[in-house]
Amino acid sequence: MAIDRRQALRLLASGLGASFWSRGAGAGRRKHRYLSAGEAATPGRFRVAAFSESGEALFDCALPARGHAFAISPNGRLAVHFARRPGEFALALDIDRGTVSHSIEPPQDRRFQGHGVFDRSGRLLYATENDFEAGCGIIGIYDARDGFRRLGELSSGGVGPHDIRLLPDGRTLAVANGGIHTHPDYPRVKLNLPAMQPSLCFIDRKMGALRRELGLGAGLRQLSIRHLAVGGEGWIAVAMQYEGPRGDRVPLVALCGADGPLRPLEAPPSILRAMKQYCGDVCFDPAGRSFAVSAPRGNIVTVWDGANGRFLHSARLADCCGLAPGRRPGEFLVSSGQDGIFLLDGHARTLRRLAAGFPDSRRWDNHLATTGSETCMPQPGCWM
């Protein structure tokens, strides 16, 4: 008898259908642990896995379909892994045990958009969603202490929300509204490219009010705002994807401060060409001072100064996409869809593969996440 996706989720949550193995996940509790999804050696079989900073496998779990990104709880013991958009599932992973604790499904008229974030208490999960009939963006609110029961929703302030971050004040959500309208009847079709209106919106999660909305102007309306990272001085780095003519040369990275505009950053022409109009991920280093942006279509990772937005340097890596902070200032982990996991030292400008074995066993997908502290966050007053 065939099992549909919702049945598969219930089996995963009950442990009956889970394909797990765990190798001392709890033993690495005080160390950074990294998570990513990917395609296993058997094409079309997707899994989510955790590994140590040295590349040692910690756990490995089957997915009902292709995965995307993670929301990590403040204590680093729980990760919610979201399906690739339009997503019909999210899995809550107990990282210490290497098991699925809950499966989460959106309402019938909603789809997950690939990303989510916890509040500081770890109780509330905010997930980007698509109200596909109305054509508007939604932030779903789920109670992690009550089986991820859905409590309600907020407007994302735009169309096609994707990434979402909690800002240092603990109250404001930054939402990357890509501006692209999709419908699950046409899962990957972009239905409104000529009329796109991407935006970076700041939402008061307690009041549900839109505090601020930033855009790039009519001339860049086809520049989709996709991924966000928050730095140590309260800066937000923005990675974008261009949906316009192939020959156009447009900025793909931007920087935003607490009260300033969304400022596109300049890169050398050769670097901009190499990025091929598409950024895959962005993250700050552990000190929150520099940030990296991946461009998987161009096989290049770029590194930038988080204070002034100056381009610093780049490294070549085939199909590079997922990014996570390393352990020391200037360090990043980078995943490849073809070639394993690498450590990028932004100061020494070196790229080194992690220990061979588990990290090389599959085609890693779009994002990396870490249970370690991502940045040295600024004082809470910065974004009030």
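- Taking hydrophobic clusters as Ile, Leu, Val, Met, Phe, Trp and Tyr residues chained together by side-chain heavy-atom distances below 4.5 Å, I138 does not share a cluster with L228.
- Not counting sequence neighbours, H347 has no partner by the ring-ring contact (aromatic ring centres under 6.0 Å, His included) test.
- In this structure, the side-chain contact (heavy atoms from CB on, under 4.5 Å) partners of L255, at least two apart in sequence or on a different chain, are W235, A237, R263, L265, F291.
- Listed by chain and number, the residues in a side-chain contact (heavy atoms from CB on, under 4.5 Å) with A218 amount to none (sequence neighbours excluded).
- With sequence neighbours left out, T302 forms a side chain to side chain donor-acceptor pair (under 3.5 Å) with W304.
- Judged as a side-chain contact (heavy atoms from CB on, under 4.5 Å), and not counting sequence neighbours, the contacts of A254 are V238, M240, L262.
- With sequence neighbours left out, F70 forms a ring-ring contact (aromatic ring centres under 6.0 Å, His included) with H81.
- For F46, the side-chain contact (heavy atoms from CB on, under 4.5 Å) partners two or more places apart in sequence, or in a different chain, are E39, L63, R66.
- Residues that satisfy the side chain to side chain donor-acceptor pair (under 3.5 Å) test with K206, not counting sequence neighbours, are absent from this structure.
- Screening residues 135-150 for salt bridge (Lys or Arg N to Asp or Glu O under 4.0 Å), with sequence neighbours left out, gives R123-D143, E129-R150, D146-R149, R150-E153.
- Ion pairing between R171 and D204 holds under the 4.0 Å rule for side-chain N and carboxylate O.
- Shown here are the side chain to side chain donor-acceptor pair (under 3.5 Å) partners of S52, two or more places apart in sequence or in another chain: S54.
- Applying the ring-ring contact (aromatic ring centres under 6.0 Å, His included) rule to Y242 yields no partners; only residues at least two apart in sequence or on another chain are considered.
- Listed by first and then second residue, the side-chain hydrogen bond (donor to acceptor under 3.5 Å, both in side chains) pairs involving residues 273-283 are D281-H367 (not counting sequence neighbours).
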